[in-house]
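Position 1 is the first residue of the sequence; numbering continues from there. These values consider heavy atoms only, across backbone and side chains, with no hydrogens, waters or symmetry-generated copies. Model, not experiment: these values are computed from the prediction.
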Amino acid sequence: RHRLAILQEKARLMAVLKDQNQVGKADVVALKECSMVTAPYAEGRTILGCIGVMGPLRMDYSRAVPIVESAARYLGEWLEGQ
């Protein structure tokens, strides 16, 4: 429930995501009772959005960070090929 409540707080969520400016580079944000690993994806030089995972503060960051970075890069490459 707490994680869903965070997603519904648009202003708070946007504040976390707006500082994402390095394409394919993950950022870890610790919130109250959970954390997010996010990375922006782009088409060319234009950032279109962020992809990420949300989980407990004790999530396996050594595993989550490379997966999110890889997914962001892949999504950007796929968009460029369209």
Exercise. Would you mind listing every side-chain hydrogen bond (donor to acceptor under 3.5 Å, both in side chains) that reaches into residues 55-64, with sequence neighbours excluded?
Key: S35-Y61, D60-S62
Show every donor-acceptor pair shorter than 3.5 Å between a side-chain atom in residues 65-80 and any protein atom, with sequence neighbours excluded, or say none if there are none.
residue : atom : partner : partner atom : Å
E69     : OE2  : A26     : N            : 3.1
R73     : NH1  : G24     : O            : 3.4
E80     : OE2  : G44     : N            : 3.0

Quiz item: Got a second to check how far Y41's OH is from I47's CD1, nearest 0.5 Å?
Solution: 11.0 Å
Quiz prompt | Test item: V37 and M59 side chains (from C-beta on) under 4.5 Å apart, heavy atoms | solution = yes
Self-check item: 4.5 Å side-chain heavy-atom contact, P56 and C34
Solution: no
Quiz item: Do you reckon I51 sits in the same ILVMFWY cluster as M54, going by side-chain contacts under 4.5 Å, direct or chained?
Solution: no
